[in-house]
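Some notes on the structure that comes next.
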2 protein chains.
Amino acid sequence: MSRRLKVSSAQLGPINLADSRASVVKRMIEMLKEADSRGSKFVVFPELALTTFFPRYWYDDPNEVEKYFENQMPSPETQPLFELARSKGIGFYLGYAERSEEGGKAHHFNTSILVGPDGRLVGKYRKVHLPGHDDHRPNVPYQHLEKKYFEVGNLGFNVWKMFKDDVRIGQCICNDRRWPETFRVMGLKGAEMVVLGYNTPSDNVYAPHEPPYLRVFHHMLSLQAAAYQNGIWVIATAKAGKEDGFWLHGGSAIVAPTGEVVAKGTTEQDEVISYDCDLALGEYIRNTTFNFAKHRRPEHYKLISERTGVEIDLAN
Amino acid sequence: MSRRLKVSSAQLGPINLADSRASVVKRMIEMLKEADSRGSKFVVFPELALTTFFPRYWYDDPNEVEKYFENQMPSPETQPLFELARSKGIGFYLGYAERSEEGGKAHHFNTSILVGPDGRLVGKYRKVHLPGHDDHRPNVPYQHLEKKYFEVGNLGFNVWKMFKDDVRIGQCICNDRRWPETFRVMGLKGAEMVVLGYNTPSDNVYAPHEPPYLRVFHHMLSLQAAAYQNGIWVIATAKAGKEDGFWLHGGSAIVAPTGEVVAKGTTEQDEVISYDCDLALGEYIRNTTFNFAKHRRPEHYKLISERTGVEIDLAN
């Protein structure tokens, strides 16, 4: 019997500062029910899915930021989501701000988890590619303080088996999707599918001259190249729309291992898109063009893991 | 004054077995004149530009294959091209099959060179990602014997400065373009532009079920992702059309650092496309989203240079 997985991407519309976690979880529950009604066994929620995208705000008092973080997961507010998913036999991906006590010290990560259809935690990921800055920039339209509020993830890029067919699933978060290194590491570990959530502003605050139409194009280009170049399914879910006036783009998508977009959101509201993924589809790509064992030449890739930034390094 | 470079991609239509090198060079000379008339200072010719794509043919006698290789470059047949380019002050990229004597032994590479507007050799590249196979497969419609006829390139991925503005230009060949590693290494060395030639069959002989429309899509997707993810210009030039009945796809393209295709061929014949590349366009990308020094995390990329093939490696 063919190995297939029915997946849904459950995009969230905006979450304003005034919105409670309970109200957000209620929306997620509605979407989980919708996904279930379509026969989905796996639902991908966004990055930082429980609150507004708070890294846009500067806080003088660091304690004020703590309110956006979860000290445990499931939390009291998300417990109903976990319970419903388990009762339906649905697994999911969920992004949230994680506060953890390790070595007697508080640590803060931009985190996602995979939860199995039995309700148990399968695996955790902490975002590696934190965009933005850590300095106060009061004169820009909004800030992007991920480098201030989060530590760089310390768990690496991993792949877990899930569901009855032991589907090999990797996870990452938002900006990670722009970096081919992210997907290549998971591809080398045997990923068949990579899932991610994102919060991405509709304009480029670092480059105000950049036409906004490039934003979703760059998002899709990154997903499609990652899918094709590793022969994997990619599911990406937005938090979208105007959060207290700050605009995040949609474009939630399910991308086949051929690089083709097979399902795509059309709104910037709560929206479920679904697809019945044939896990065999990527095999021919991984066995031919991207047969890594036959064609990769790591002796020529050393710089990728040895050098961080650009060094002008000319052969003449 | 802004740094700009007017480039042309000079796509070749088919070269049949019966076509002489002299006849091909004549066609290239016509295209170089056309590029010059448009004010181009840099012309990108295809991979293995002087002969038919011979790796599709099996030869029992290895000596028979030698006829496709060049023992020196410029060769007597290509000398007129080099001379015309120098007289016009035009630099170029040219792909050819290279036979070299090193250590008392003959070596064979799929090679490209950059030639400066003064006619001097700037730099040489030998193809790293050789596609295909080295075994005889008489029962397929055509073979792809690059792994038989060529050694893996031993010069790595490099970047050279060219033209009056010291434009930092890297080069690669055909299948290299599908591998993000190729462009990342050159990006880390400071490339502003990467140029390449290719010969790519219009169907996928390894996966006959693959719809042919995916072939040019995968080609373009790879170029566009490479351009965006490194903030570089990419110029890619096909040998296209039916060579003795074996069909190669076109799609020669000039891609901006935004990932946008700014010029694209529409034929599978000899065809020149041109664009005036603003070298500053990639700077904002390399300084923001893809500021490697700020955002890359090589400690999590080690597998890329340590592991060649997929090893199923699960975290649960």
Side-chain angles (χ1 to χ4, degrees), chain A residues 122-123 128-131 152 156-161 168 178-181 184-185 187-190 204 206-207 209-210 214 217-218 221-222 224-225 228-229 258-260 284 286 288-290 292-298 300-316, chain B residues 122-123 128-131 152 156-161 168 178-181 184-185 187-190 204 206-207 209-210 214 217-218 221-222 224-225 228-229 258-259 284 286 288-298 300-316:
Chain A
V122 172
V128 163
H129 296 100
L130 297 172
V152 171
F157 299 108
N158 293 297
V159 177
W160 295 266
K161 60 179 190 291
R168 301 188 300 272
R178 304 186 193 273
W179 299 84
E181 291 90 342
R184 185 62 97 225
V185 171
L188 283 164
K189 291 183 173 183
N204 186 340
Y206 312 113
H209 72 277
E210 187 184 76
L214 288 180
F217 168 66
H218 287 159
L221 177 60
S222 299
Q224 293 178 270
Y228 167 57
Q229 292 175 333
T258 56
E260 293 173 286
Y284 89 89
R286 299 197 302 272
T288 59
T289 306
F290 293 108
F292 293 168
K294 274 193 189 162
H295 303 308
R296 291 183 81 247
R297 289 288 158 184
H300 293 299
Y301 308 156
K302 285 183 188 148
L303 218 56
I304 292 171
S305 54
E306 287 176 357
R307 181 178 292 181
T308 303
V310 173
E311 293 172 30
I312 306 290
D313 183 352
L314 301 174
N316 69 337
Chain B
V122 171
V128 164
H129 296 101
L130 296 173
V152 171
F157 299 108
N158 292 297
V159 177
W160 295 265
K161 59 178 191 292
R168 300 188 299 273
R178 304 186 193 274
W179 299 84
E181 292 90 341
R184 186 61 98 226
V185 171
L188 284 164
K189 290 184 173 184
N204 186 339
Y206 312 114
H209 72 279
E210 187 184 76
L214 288 179
F217 168 65
H218 287 158
L221 177 60
S222 299
Q224 293 178 269
Y228 167 58
Q229 291 175 332
T258 56
Y284 89 91
R286 299 196 301 271
T288 59
T289 306
F290 293 108
N291 182 322
F292 293 169
K294 274 193 189 160
H295 303 308
R296 291 184 82 247
R297 289 287 160 185
H300 294 298
Y301 308 155
K302 283 182 188 149
L303 220 54
I304 293 171
S305 54
E306 287 176 356
R307 182 178 291 180
T308 302
V310 172
E311 294 173 27
I312 306 291
D313 181 354
L314 301 173
N316 69 337

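Note that this is a predicted model, so its numbers are computed, not measured. Labels below follow one simple rule: chain letters A, B, ... track the order of the sequence lines, proteins then strands, and each chain is numbered from 1.
The heavy-atom pair separating B/Pro298 from A/Ser305 by the smallest distance is CB-O, 3.5 Å. Between B/Tyr284 and A/Ala207 the shortest heavy-atom distance is CD1-CB, 3.3 Å. Across every non-hydrogen atom of A/Leu188 and B/Thr308, the tightest pair is CD2-O, 3.5 Å. A/Ala315 approaches B/Trp160 most closely through the heavy-atom pair CB-NE1, 3.3 Å. The heavy-atom pair separating B/Gly190 from A/Val310 by the smallest distance is CA-CG1, 3.6 Å.
For a residue to count as touching a neighbouring chain, one of its non-hydrogen atoms must lie under 4.5 Å from one of that chain's; by this rule A/Asn316 touches chain B with backbone and side chain alike. With a 4.5 angstrom heavy-atom cutoff, A/Tyr206 touches chain B via backbone and side-chain atoms both. Both the backbone and the side chain of A/Pro180 come within contact range of chain B, judged by heavy atoms closer than 4.5 Å. With a 4.5 angstrom heavy-atom cutoff, B/Ser222 touches chain A via backbone and side-chain atoms both. For chain B, the nearby parts of A/Thr258 are the backbone and the side chain; heavy atoms of each come within less than 4.5 Å. For B/Ile312, the parts sitting under 4.5 Å from any heavy atom of chain A are the backbone and the side chain alike. For A/Leu303, the parts sitting under 4.5 Å from any heavy atom of chain B are the backbone and the side chain alike.
Across B/Gly123, B/Pro131, B/Ala225, the residue that shares the most heavy-atom pairs under 4.5 angstrom with chain A is B/Ala225. Between chain B and the residues A/Glu306, A/Lys294, A/Lys302, A/Glu260, the largest count of heavy-atom pairs under 4.5 Å involves A/Glu260. Interface summary for chain A: among B/Asn291, B/Asn158, B/Asn204, B/Val152, the most heavy-atom pairs under 4.5 angstrom belong to B/Val152. Across B/His129, B/Lys161, B/Gln224, the residue that shares the most heavy-atom pairs under 4.5 angstrom with chain A is B/Lys161.
Counting heavy atoms from C-beta on, the side chains of A/Val185 and B/His300 never come closer than 4.5 Å. Taking 4.5 Å as the limit, some side-chain heavy atom of A/Glu181 sits within range of a side-chain heavy atom of B/Ile304.
No donor-acceptor pair under 3.5 Å is formed between the side chain of B/Gln229 and the backbone N or O of A/Trp179.
Atoms CZ and OG1, on B/Arg178 and A/Thr289 in that order, are 6.0 Å from each other to the nearest 0.5 Å. The CZ atom of A/Phe157 lies 11.0 Å from the CZ atom of B/Arg297; values are rounded to the nearest 0.5 Å.
Contacts of A/Arg307 classified as side chain to side chain donor-acceptor pair (under 3.5 Å), with partners at least two apart in sequence or in another chain: A/Asp313. Every ring-ring contact (aromatic ring centres under 6.0 Å, His included) that A/Tyr228 has, sequence neighbours left out, goes to A/Phe290, B/His218.
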